[in-house]
*Asks:* 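Sharing a structure, written as structure tokens. Questions coming.
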Amino acid sequence: SGNSQYEGWVKDSYLTITDGPITDLQAIEQEIVSECKQYDMLSLAFDPMQATQMSQNLISNGVPMVELFQNLKNYSEPMKQLQALIYAERIHFSDNPVMHWMMSNVVCHVDAKENIFPRKEKNELKIDGPVALIMAMNQSIQLQVEKYYQKAQSQKMDWSKFTLGI
């Protein structure tokens with residue numbers, strides 16, 4: 001896509017590009033495996049409609065992959081919790097201009113039962129980062145990470161290397 005800011009984000013190391021006209025999936029897999037070795041990754045959610053081969057490769061490298069279909073059931077509650085965290089100023093994205101831009105592209109679709117789902121108004125407006133964050137929030141809820149965190153705090157665990165795969 002033709003976002004005029006991409007070049008600056010690459011220069012400032014907020015965005016990584018790979019050689020060639022297609023996405024280098026092997027480079028992405030290597031980066032994910034590296035991140036998982038650095039952090040205590042509890043799970044990494046993926047959409048099985050888009051990443052079956054990559055997920056199999058990552059599983060074979062010890063990455064704890066979890067299938068998560070993109071639907072209201074999986075997205076509504078975590079998106080509402082994320083929205084609450086943002087409104088409470090407990091989470092922000094100002095230090096990362098790419099995530100800040102993607103968050104500004106999210107349009108909240110609300111159905112008749114007040115379930116919510118992320119959308120974008122135009123194809124060139126990317127929302128991959130926020131969707132990944134919503135998937136990570138889903139896993140946080142499913143795995144009851146807050147209880148895990150509280151238990152670890154009582155055991156004086158080092159949380160500097162903890163992540164949800166965002």
Side-chain angles (χ1 to χ4, degrees), residues 1-36 38-39 41-59 63-111 114-142 145 163-166:
S1 296
N3 184 321
S4 62
Q5 300 178 81
Y6 285 179
E7 196 173 300
W9 292 338
V10 170
K11 181 179 161 265
D12 293 338
S13 300
Y14 288 108
L15 191 62
T16 302
I17 59 171
T18 57
D19 294 327
I22 60 172
T23 303
D24 185 343
L25 297 179
Q26 190 173 30
I28 294 169
E29 289 172 13
Q30 290 172 349
E31 181 66 23
I32 291 170
V33 169
S34 173
E35 291 287 322
C36 287
Q38 183 178 357
Y39 299 99
M41 187 76 66
L42 299 178
S43 72
L44 183 62
F46 72 97
D47 178 2
M49 301 297 289
Q50 302 294 325
T52 303
Q53 183 60 54
M54 180 182 283
S55 67
Q56 293 304 313
N57 295 345
L58 291 169
I59 288 168
V63 177
M65 302 297 293
V66 175
E67 254 185 25
L68 191 69
F69 287 93
Q70 293 188 18
N71 58 38
L72 286 173
K73 177 180 177 263
N74 290 328
Y75 279 26
S76 186
E77 182 183 358
M79 190 169 169
K80 286 177 181 179
Q81 288 197 13
L82 177 59
Q83 187 178 42
L85 289 172
I86 292 168
Y87 288 155
E89 298 181 0
R90 292 184 58 205
I91 189 169
H92 60 89
F93 311 98
S94 58
D95 292 345
N96 186 318
V98 181
M99 186 64 158
H100 183 78
W101 171 70
M102 286 188 285
M103 289 296 290
S104 74
N105 295 334
V106 175
V107 175
C108 183
H109 171 77
V110 183
D111 73 5
E114 297 188 16
N115 293 303
I116 63 175
F117 196 84
R119 295 272 192 250
K120 57 186 176 182
E121 291 183 345
K122 298 178 184 173
N123 194 44
E124 63 270 11
L125 298 176
K126 304 302 179 193
I127 63 170
D128 302 87
V131 168
L133 181 55
I134 292 164
M135 293 172 82
M137 288 292 294
N138 171 286
Q139 289 302 283
S140 173
I141 293 164
Q142 297 300 318
V145 170
T163 185
L164 283 171
I166 301 171

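Bear in mind that the values here come from a model prediction, so they are computed numbers and not experimental data. Computed over heavy atoms, backbone and side chain alike; hydrogens, waters and symmetry mates excluded.
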*Asks:* Determine whether K126 and N3 make a side-chain contact, defined as any pair of heavy atoms from C-beta on separated by less than 4.5 Å.
*Replies:*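 Counting from C-beta outward, K126 and N3 never come under 4.5 Å.
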
*Asks:* If you look at every heavy atom in N138 and P78, which pair is closest and at what distance?
*Replies:*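 Taking N138 first and P78 second, the nearest heavy atoms are N-CB, 3.5 Å.
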
*Asks:* Roughly how far apart are M103 CE and I91 CD1, rounded to 0.5 Å?
*Replies:*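 Here the interatomic distance stands at 7.5 Å.
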
*Asks:* Measure the spacing between CD1 of I32 and CE of M65 and express it to the nearest 0.5 Å.
*Replies:*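 Reported value, rounded in 0.5 Å steps: 6.5 Å.
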
*Asks:* What are the two closest non-hydrogen atoms of G129 and M102, and how far apart are they?
*Replies:*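 That would be N-SD, 3.3 Å.
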
*Asks:* Specify the closest pair of heavy atoms between F117 and M79, including all atoms of both residues, with the distance to one decimal.
*Replies:*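 For F117 and M79, the tightest heavy-atom pair comes out as C-SD, 3.7 Å.
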
*Asks:* Atom CZ of F69 and atom CE of M49: how far apart are they, to the nearest 0.5 Å?
*Replies:*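 Rounded to the nearest 0.5 Å, the CZ-CE separation comes out at 7.0 Å.
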
*Asks:* So how far is it from I127 CD1 to R119 CZ, rounded to the nearest 0.5 Å?
*Replies:*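 These two atoms lie 8.5 Å from each other.
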
*Asks:* Which heavy atom of P118 sits nearest a heavy atom of V106, and at what distance?
*Replies:*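 Residues P118 and V106, closest heavy atoms: CB-CG1, 4.0 Å.
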
*Asks:* Taking C-beta and beyond as the side chain, do Q81 and E77 meet within less than 4.5 Å on heavy atoms?
*Replies:*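 Heavy-atom side-chain distance check passes, below 4.5 Å.
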
*Asks:* With rounding to the nearest 0.5 angstrom, report the CG to CD1 distance, N74 to I134.
*Replies:*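 With rounding to 0.5 Å, CG (N74) is 11.5 Å from CD1 (I134).
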
*Asks:* Ignoring hydrogens, what is the shortest heavy-atom contact between I116 and L72? Give both atom names and the distance.
*Replies:*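 Minimum heavy-atom contact is O-CD2, 3.7 Å.
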
*Asks:* Quick one: does L133's side chain get under 4.5 Å of M99's, heavy atoms only?
*Replies:*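 Touching, per the 4.5 Å side-chain cut-off.
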
*Asks:* Indicate the ring-plane relationship of Y6 and W101, choosing parallel, tilted or perpendicular according to the 30° and 60° boundaries.
*Replies:*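 Rings of Y6 and W101: perpendicular, as their planes differ by over 60°.
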
*Asks:* Is the CG atom of D111 crowded by more than 12 outside heavy atoms at less than 6.0 Å?
*Replies:*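 Buried by this count: over 12 neighbours within 6.0 Å.
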
*Asks:* Does a side-chain heavy-atom distance below 4.5 Å link M137 with L85?
*Replies:*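 In contact.
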
*Asks:* Should we say atom CD1 of I17 is surrounded by more than 12 heavy atoms from elsewhere, each under 6.0 Å from it?
*Replies:*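 It does not: I17 CD1 has 12 such atoms or fewer within range.
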
*Asks:* Which pair of non-hydrogen atoms, one from D47 and one from M135, has the smallest distance, and what is that distance?
*Replies:*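 Closest approach of D47 to M135, heavy atoms only: N-CE, 3.8 Å.
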
*Asks:* Once rounded to the nearest 0.5 Å, what's the spacing between atom OG1 of T52 and atom CD of E67?
*Replies:*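 Result: 7.0 Å between the selected atoms.
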
*Asks:* Taking the side chain as everything from C-beta on, heavy atoms only, tell me whether V131 gets closer than 4.5 Å to Y75.
*Replies:*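 Counting from C-beta outward, V131 and Y75 do come under 4.5 Å.
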
*Asks:* Would a 4.5 Å heavy-atom cut-off, applied to side chains only, mark D19 and D24 as touching?
*Replies:*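 When only atoms from C-beta onward are counted, D24 and D19 do not touch, as no gap falls below 4.5 Å.
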
*Asks:* Can you tell me if N57 and Q53 form a side-chain donor-acceptor pair at under 3.5 Å?
*Replies:*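 Judged by distance alone, the side chains do pair up.
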
